[in-house]
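The structure appears below as structure tokens.
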2 protein chains.
Amino acid sequence: MNLIYEALAHPTRRQIIALLRRGDLPAGEIATLFDIAKPTLSGHLRVLREAGLVIGERHGTSIVYSLQLSLLEESMAALLDLFKIDSARSPEPDPN
Amino acid sequence: MNLIYEALAHPTRRQIIALLRRGDLPAGEIATLFDIAKPTLSGHLRVLREAGLVIGERHGTSIVYSLQLSLLEESMAALLDLFKIDSARSPEPDPN
DNA sequence: TCCTTTATTAGGCAACAACCGAATAATAGC
DNA sequence: GCTATTATTCGGTTGTTGCCTAATAAAGGA
């Protein structure tokens, strides 16, 4: 859970998520849309991958990234739990 | 918005939020519930304050902290927007 | 006023995160 | 096998975060 919060803490990574919502994209194409070096973006993608928020599948020489929607829903549920706007959850919440 | 995501990125700060959901608490009492030095906790409270997630009101020598529920709801809405689970929002989302 | 209590700020340090250019890996096509 | 393309990993720099102890501030009561 902590990995998800950390992944969301950087604006660029949230923008990548917003981008991928519209459809899958290869890493290079994502890179062209940001004003940062490719290795830097590759690092951001790794953080998102390790948090489980995206997956990358190789197609030929390119690696196409797509959202992992189930994880996004899980993180939503966690945040709902943290704020307790929704209810019917564990009585002793552990936010980690 | 970015401040909120950054504030939520640390486990201790999320635990503070979970704690305050049950009721307001003075800083010192929060500190006793964590195994960290008081100045460290004071720093976490500052981060939460600057993100607008909590407010601190002085009562005598102590400062009582409470959740800023409106901001919590706003951040929920932002996350819903980021993931687009809910709809009927801005057509060109900016996740910053 | 002085002392106690409660919290914060200041200063310093180690660990981490973000960034870049250069080098390396993986695949496809000739 | 060689070359081109696409991405990642490596190595290093810079700035930030998290933590601590010591010092300071703010309020209340003797």
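Residue numbers begin at 1 in each chain, while the letters A, B, ... track the order of the sequences. Everything numeric here is computed off the predicted structure, so don't read it as measured data.
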Worksheet item: Does S75(A) have any side-chain contact (heavy atoms from CB on, under 4.5 Å) partners at least two apart in sequence or in another chain, and if so, which?
Response: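 For S75(A) the side-chain contact (heavy atoms from CB on, under 4.5 Å) partners, ignoring immediate neighbours, are M1(A), I4(A), F83(B).
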Discussion item. So, using side-chain contact (heavy atoms from CB on, under 4.5 Å) as the criterion, who are the partners of R58(A) when residues are at least two apart?
Written reply: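 If we apply the side-chain contact (heavy atoms from CB on, under 4.5 Å) test to R58(A), skipping adjacent residues, the hits are I63(A).
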Practice prompt. Find the distance between CD1 (I36(A)) and CG (L33(A)) and round it off to the nearest 0.5 Å.
Written response: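 With rounding to 0.5 Å, CD1 (I36(A)) is 10.5 Å from CG (L33(A)).
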Worksheet entry | Between CZ on residue R13(B) and CG on residue L8(B), distance to nearest 0.5 Å |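 One gets 8.5 Å once the value is rounded to the nearest 0.5 Å.
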Discussion item. Reading DNA chain D in the 5' to 3' direction, which nucleotide is the first one with an atom under 4.0 Å from a heavy atom of chain A, and which is the last?
Written reply: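 From 5' to 3', the first and last contacting nucleotides are dT5(D) to dT9(D).
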Fill in: Spacing of F34(A) atom CZ relative to dC20(C) atom P, expressed in whole Å
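About 13 Å, once rounded to whole Å.
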Item to complete: Return each pair, listed once, that meets ring pair (Phe, Tyr, Trp, His ring centres under 6.0 Å) where at least one residue sits in residues 9-34 of chain B; pairs must be two or more places apart or across chains.
Response: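 Non-adjacent pairs meeting ring pair (Phe, Tyr, Trp, His ring centres under 6.0 Å): H10(B)-H44(B).
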Worksheet item: Can you list every ring pair (Phe, Tyr, Trp, His ring centres under 6.0 Å) pair that touches residues 46-71 of chain A, not counting sequence neighbours?
Response: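 For residues 46-71 of chain A, and leaving out neighbouring residues, there are no ring pair (Phe, Tyr, Trp, His ring centres under 6.0 Å) pairs at all.
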Discussion item. What I'd like to find out is whether the side chain of L20(A) reaches to under 4.5 Å of the side chain of S66(A), using heavy atoms alone.
Written reply: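 Answer no - side chains too far apart.
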Discussion item. Could you check whether any side-chain heavy atom of L71(A) comes within less than 4.5 Å of a side-chain heavy atom of E74(A), counting everything from C-beta outward?
Written reply: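 Yes, side chains in contact.
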Item to complete: Starting from the 5' end of DNA chain C, give me the residue, H10(A) or G60(A), whose nearest nucleotide shows up first.
Response: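 Nearer the 5' end of the strand: H10(A).
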Worksheet item: Going 5' to 3' along nucleotides 3-8 of chain C, which nucleotides have protein heavy atoms under 4.0 Å from the base (write B), which only from the sugar-phosphate (write S), and which from neither (write -)?
Response: --BSSS
